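Below is one structure, written out as structure tokens; the observations come after it.
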Number of protein chains: 2
Amino acid sequence: MNRFLSNATNRIDTKGRVSVPAPFRAVLAQRNVQELYCLQDLVFPAISVGGPDLLERYERQIASADPFSPEANAMSLLVHGGGVYMRLDAEGRLMVTDFIRDFTGITTEVTFVGRSDHFQLWQPQAFHEAQVAARAGRATFGVRPA
Amino acid sequence: MNRFLSNATNRIDTKGRVSVPAPFRAVLAQRNVQELYCLQDLVFPAISVGGPDLLERYERQIASADPFSPEANAMSLLVHGGGVYMRLDAEGRLMVTDFIRDFTGITTEVTFVGRSDHFQLWQPQAFHEAQVAARAGRATFGVRPA
DNA sequence: TGGGACCATATGGGCGTCAATGGGAAGCGG
DNA sequence: CCGCTTCCCATTGACGCCCATATGGTCCCA
């Protein structure tokens, strides 16, 4: 397993901490990532979490756009203004800050969602609804197993 | 036998495990597949199970789109966030998780259905009904429990 | 041709390990 | 001096790994 896949829901404890699923931690360790970069998803009410490469990927996307376009401007606002660095504690937990709560609606539980090269934090119900909507929206991507 | 063919129904034990039919395991072994990728079928209430190639087929579809587009984002949500990696135990069994139960309606028995390059997990009666419907010609394809 | 030994699969369950969680106590900053 | 954070340790419950048993089918041999 070399990428972030599948999803899992964990509880937030009384101190506001939540365990990152072990498979995700294993991917982070394999990639030698200690500092986590968190930013708001551009489409969904979710927080994306990844290593420094995640930030760089977004920055390249911004750089490739017209620097004076409203899109690039807005994206920079989100990426640079809305991003946060985070660390895990010794047990592999992270603090769920108000920054995360406000944007996602997370209160007592966090759903971790793999996105291949990064993962995301979702309010469980919101994730479920987004999945149903995505499935209904594009019922078939045009891919049918041969 | 180099493809997944025919179907078989096995019981789930008290620990929530079920044996994968030996012919299917033989195909997996022949293809050197140890990690199984499970994905919700796009049409039927069934879970598709295959090797990494199953995942890669969907990932190629995602890669062909603009990586920052809402469409690619939604597809990744389904494929990466909705997919699950699984391993078989030494006896060739897999755990039937709530993820599988909720989507398929499986409770006590699992019907394994060969689909050539992958296989599927069905609730036995649902599979039977889908077969009857398919045999009847035009049918209630796409019908899924609300 | 019928009986029996053999074999593979499916199934059941014990046990150890690890992850998720909870909470105490010390360190740092306000 | 007080509150929040960080480090550390305890608990427990799930899962992986292992071995045991049953069941049905096949092959061989009398």
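These figures come from a predicted structure and were not determined experimentally. Reminder, nothing fancy here: chain letters follow the sequence lines and each chain counts from 1.
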Between the base of C:dT11 and the side chain of B:K15, is one N or O donor paired with an acceptor at under 3.5 angstrom?
no
Given D:dG16, C:dG22, C:dG12, the nucleotide with the shortest approach to the side chain of A:R17
C:dG22
Shortest side-chain distance from B:P21, nucleotide among C:dG24, C:dA10, C:dA20:
C:dA10
Which one, D:dC18, C:dG12, C:dA10, comes nearest to the side chain of B:D13?
C:dG12
Start with the C-alpha gap between B:R31 and B:N2, add the side-chain angles, then the distance that decides, and say whether side chain to side chain donor-acceptor pair (under 3.5 Å) holds.
CA-CA 8 Å; B:R31 297 186 179 190; B:N2 55 355; over 6 Å; no
Would you call B:E91 and B:R25 a salt bridge, taking side-chain N to carboxylate O under 4.0 Å as the test?
no
Does the ring center of A:F112 lie less than 6.0 Å from the ring center of A:W122?
no
Report the C-alpha separation of B:F4 and B:V49 in whole Å, then their side-chain angles, then the decisive distance to 0.1 Å, and conclude whether the side chain to side chain contact (heavy atoms under 4.5 Å, CB included) test is met.
CA-CA 11 Å; B:F4 298 101; B:V49 183; over 6 Å; no
Closest nucleotide of DNA chain D for A:A90 versus for B:R87: which of these residues is on the 5' side?
A:A90
Checking contacts here: which listed nucleotide (C:dG13, C:dA20, D:dG16) is nearest the side-chain heavy atoms of B:R93?
C:dG13
Residue A:E91, side-chain heavy atoms: nucleotide from D:dC8, D:dT5, C:dT11 that is nearest:
D:dC8
From the candidates D:dC7, C:dG22, D:dT5, the one with an atom nearest any side-chain atom of A:R11 is C:dG22
Taking D:dT5, C:dG24, D:dG16 as options, the one with an atom nearest any side-chain atom of A:M95 is D:dT5
